[in-house]
Number of protein chains: 2
Amino acid sequence: MTMYVPKLEKDIRNPLEAGLASFEGKWKTRVICALTQTPNLRYSALKSAMGNITDAVLTTTLKELTADQIINRIQYNEIPLRVEYNLTKKGRAAIPMLSAICQWTQTFNPEWGQVKCGCGTANCLFDLKNH
Amino acid sequence: MTMYVPKLEKDIRNPLEAGLASFEGKWKTRVICALTQTPNLRYSALKSAMGNITDAVLTTTLKELTADQIINRIQYNEIPLRVEYNLTKKGRAAIPMLSAICQWTQTFNPEWGQVKCGCGTANCLFDLKNH
DNA sequence: CTGTATCCGGGAGGATACTG
DNA sequence: CAGTATCCTCCCGGATACAG
């Protein structure tokens, strides 16, 4: 019933800060990565892709990404209920940006350069350590 | 005497998360912005550019940016002590990335598109609301 | 002038139990 | 299956005071 409402408004001053806020927190980029590798994922598939996330945290993450127009929530009123998530146009437009950050890190911190993703997916964005 | 040491290690899994961590927090991008507009700034100049930051928070921010190799700390052993900060090569390489995020926000959230920076500096990265 | 030391409130992330 | 509701812990950002 009582949704969480922060007492202090965040102090976001420009479009850069607004953009970065879309990716902050522990799970958002991981959800984006999963949806990049597999375009349509159900709640349960997303949850197991995240590994050890709890429902409360996954739900919050998905709501924030939806509010930021980075993912779509598509509900099929079947029984049992089916819900799928995928990237919006804005979400897909973020992929090159995130890749650029990834490469920037690997360029200047070569210790990251050796870590290769083992997922075998051709369009995988990220080089994951635990994957 | 007792520096702050986090008890739980941060869970950074890939170069994207490592890169984004360099920009997180309220002040890091603002410091980068200030040093983009003015290449060499003293502690006190940086502090007044930030507006209402406290010393404890500014010091922490500068240390983290230095540790991440995004800014250089140059100390002149004069009396009184003079310290200047500027962007490293890695820091300068981040500017196009940050501009891309800025533009991404302005493209998909046009309410940010009308806000223009009033600083008059040619190489100003960001469109600032309070500036 | 350029910081450190110390304390504190608020909140993000998480654990657990429960539900249509 | 796809979430809510509730509670809790840790620690970040900030305030204030002090120092080399």
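Basis for what follows: all heavy atoms, side chains included, without hydrogens, waters or symmetry-related copies. On a predicted model such as this, the values are computed, not experimentally measured, just so you know. So that the names make sense, note that chain A is the first sequence line, chain B the second, and so on, each numbered from 1.
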Open item on the list: What is the distance, to the nearest angstrom, from the CE atom on A:Met50 to the C1' atom on C:dG13?
Closed with: 16 Å
Task: Rounded distance in Å - CD (A:Glu78) to P (D:dG3) - done: 14 Å
Open item on the list: Regarding A:Tyr85, tell me which of base, sugar-phosphate or nothing describes its non-hydrogen contacts under 4.0 Å with the strands shown.
Closed with: sugar-phosphate
Task: Distance, rounded to the nearest Å, where B:Ile74 contributes CD1 and C:dT2 contributes C1' - done: 15 Å
Open item on the list: Output the rounded distance in Å from CG (B:Asp55) to C1' (C:dT4).
Closed with: 10 Å
TODO: Indicate yes or no for a side-chain donor-acceptor contact from A:Arg92 to the backbone of A:Leu87 under 3.5 Å, with no hydrogens or angles considered.
DONE: yes
- [ ] Grab the NZ-C1' distance between A:Lys10 and C:dA12 for me, whole Å please.
- [x] 9 Å
Open item on the list: Measure CZ/B:Arg73 against P/C:dC1 and give the value in whole Å, please.
Closed with: 16 Å
Open item on the list: Closest approach to the side chain of A:Ser44, judged atom by atom: which nucleotide of C:dG3, D:dA5, D:dA2 is it?
Closed with: D:dA2
- [ ] Return the value, rounded to whole Å, for the distance between atom CD1 of B:Ile71 and atom P of C:dT2.
- [x] 14 Å
Task: Options C:dC1, C:dT4, C:dG13, nucleotide nearest the side-chain atoms of B:Pro80 - done: C:dC1
TODO: Would you please confirm or rule out a distance under 4.0 Å between OP1 or OP2 of C:dT4 and any side-chain N or O of B:Lys63?
DONE: yes
TODO: Scan B:Val83 against the nucleic acid and name what it touches under 4.0 Å (heavy atoms): base, sugar-phosphate only, or nothing.
DONE: sugar-phosphate
Task: Under 3.5 Å: donor-acceptor pair, side chain of A:Trp104, backbone of B:Lys90 - done: yes
Open item on the list: Apply side-chain contact (heavy atoms from CB on, under 4.5 Å) to residues A:Leu16 and B:Thr105 and explain how you reach the verdict.
Closed with: CA-CA 7 Å; A:Leu16 172 65; B:Thr105 303; over 6 Å; no
TODO: Assign B:Lys26 to base, sugar-phosphate, or nothing according to its heavy-atom contacts below 4.0 angstrom with the strands shown.
DONE: sugar-phosphate
Task: Proximity to the side chain of B:Leu81 - top-ranked nucleotide from D:dG13, D:dG3, C:dT2 - done: C:dT2
Open item on the list: Does a side-chain N or O of B:Trp27 approach OP1 or OP2 of D:dG14 to a distance below 4.0 Å, or not?
Closed with: yes
Task: Gap between atoms CG and P, on A:Leu41 and D:dA2 respectively (whole Å) - done: 11 Å
Open item on the list: Check whether A:Asn109 reaches the backbone of A:Trp112 with its side chain - one donor and one acceptor, N or O, closer than 3.5 Å.
Closed with: no
- [ ] State, without any angle test, whether B:Glu84 and B:Asn86 hold a side-chain donor-acceptor pair at a distance under 3.5 Å.
- [x] no
TODO: State whether A:Arg82 places a side-chain N or O below 4.0 Å from either non-bridging phosphate oxygen (OP1 or OP2) of D:dA2.
DONE: no
Open item on the list: So if I take every side-chain heavy atom of B:Arg42 and compare against D:dA5, C:dT2, D:dG3, which nucleotide ends up nearest?
Closed with: C:dT2
Task: From D:dG14, C:dT16, D:dT4, nucleotide with atom closest to A:Thr54 side chain - done: C:dT16
